[in-house]
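Following: one structure in structure tokens, then a few remarks.
What you see is a predicted model; the values in this text were computed from it and never measured. Counting starts at 1 for both ligands and their atoms, following the listed order. As a basis for the values below, the full set of heavy atoms in this structure was taken, side chains included, without hydrogen atoms, waters or symmetry mates.
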Amino acid sequence: MRVPMIAGNWKMNTTVGEAVDLVKAMRKELDKVSKVTKVICPPFVSLVPIKELLKKSSIKLGAQNLYFAEKGAYTGEISPLMIADLCEFVIIGHSERRQYFGEAGEIINQKVAAALKVNLKPILCIGEKLEENEAGKTEVVVVEQLRSALAGIDDLDGLTIAYEPVWAIGTGKAATGEQANETISFIRGNIAKLYEHKIAQEIRILYGGSVNAANAVEFIRQPEIDGALVGGASLKATEFLSIVTQTAVIKLQK
Ligand code: PEP
């Protein structure tokens with residue numbers, strides 16, 4: 001059985017002080033929820049103090065990005081080992097990285113490989129833009145993103161995929177549960193083609209895009225959806241906690 005996951009992507013929000021306060025506001029209640037993998041991905045500058053705060057907690061820490069080189073003259077970048085020292089997870093290929101920082105196929109592939117090499121668990125984001133969706137190209141786009149991100153990678157152990165339709169991210173306009181379930185089922189089918197049926201059945205695939213406490217159930221109750229990557233709503237302690245709690249209730253009924 002796949003363990004459900006709720007991951008919070010804080011994006012470029014919170015100062016160190018605000019990040020510490022947010023963790024303190026949700027840590028105790030989140031720790032009461034078991035059997036759901038709970039991940040928070042604060043900005044880089046807050047990872048050190050938050051790691052300290054989470055020492056005895058079941059909440060896992062993730063970074064929002066990495067650079068693929070091991071070390072060296074890459075001013076402003078953060079290496080896989082630096083992140084692995086602090087975090088268990090790392091988000092790779094988020095649509096905002098693709099859109100604003102020009103990240104695409106080969107770079108994302110190098111980042112996934114570099115993360116796995118140091119035992120970081122990537123949360124690989126894939127998803128189509130609005131015009132691609134409207135042109136009926138969702139499946140072509142996600143399969144191409146999947147293939148290029150995983151090229152040459154034999155072992156997917158530790159990898160989570162997040163299907164995030166770009167038109168649903170930060171817009172308040174989520175996909176429907178059925179739409180998301182169908183595309184995630186398609187993604188799983190393609191993992192089976194690229195790897196094996198067993199690997200496809202084991203891999204965790206999340207939905208992301210305007211998930212909040214009010215609509216989380218619509219996604220979580222779908223059989224192919226193993227949880228959510230949550231942006232805006234993960235910055236509110238009560239919202240995030242509610243999504244995690246609802247996930248535990250729904251997934252553990254099954
Ligand atoms: C995200 O950042 O991955 C995301 C899904 O954002 P939001 O929940 O705000 O749409």
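Taking a 4.0 Å cut-off on heavy atoms, G209 registers as neighbouring ligand 1.
When hydrogens are left out, the protein atom nearest atom 2 (O) of ligand 1 is K11 CE, 2.6 Å; that is the closest non-hydrogen contact. Of all protein heavy atoms, the one lying nearest to atom 10 (O) of ligand 1 is G170 N, 2.6 Å. The single protein non-hydrogen atom nearest to atom 5 (C) of ligand 1 is E164 OE2, 3.1 Å, given as residue, atom name and distance. The single protein non-hydrogen atom nearest to atom 1 (C) of ligand 1 is H94 NE2, 3.2 Å, given as residue, atom name and distance.
A donor-acceptor pair is defined here as one N or O able to donate and one able to accept, closer than 3.5 Å; no such pair exists between the side chain of E182 and the backbone of Q179.
Residue contact check: L229 has heavy atoms under 4.0 Å from atoms 3 (O), 5 (C) of ligand 1. Listed by number with element, the atoms of ligand 1 under 4.0 angstrom from any heavy atom of S210 are 7 (P), 8 (O), 10 (O). Against a heavy-atom cut-off of under 4.0 Å, G232 is close to the following atoms of ligand 1: 7 (P), 8 (O), 9 (O).
In this model, no donor atom of one side chain and acceptor atom of the other lie less than 3.5 Å apart for K236 and N212.
Within the 4.0 Å heavy-atom criterion, the part of A168 lying near ligand 1 is the backbone and not the side chain. Looking at I169 against ligand 1, both its backbone and its side chain come within 4.0 Å, counting heavy atoms.
Proximity of N9 to V230: side-chain heavy atoms (C-beta onward) are nowhere separated by under 4.5 Å. In this structure, the side chains of R221 and K251 stay at 4.5 Å or more apart for every pair of heavy atoms. Taking 4.5 Å as the limit, some side-chain heavy atom of I191 sits within range of a side-chain heavy atom of L156.
With respect to the salt-bridge test (charged N to carboxylate O, under 4.0 angstrom), the residues E202 and R2 do not qualify.
Taking any N or O of N9, backbone or side chain, at least one lies under 3.5 Å from an N or O belonging to ligand 1. Checking only distances, G231 does come within under 3.5 Å of ligand 1, N or O to N or O.
Ring geometry for Y67 versus Y74: interplanar angle of 30 to 60°, hence tilted.
Just one of K60, E88, R204 meets the side chain to side chain donor-acceptor pair (under 3.5 Å) condition when paired with T37; it is R204.
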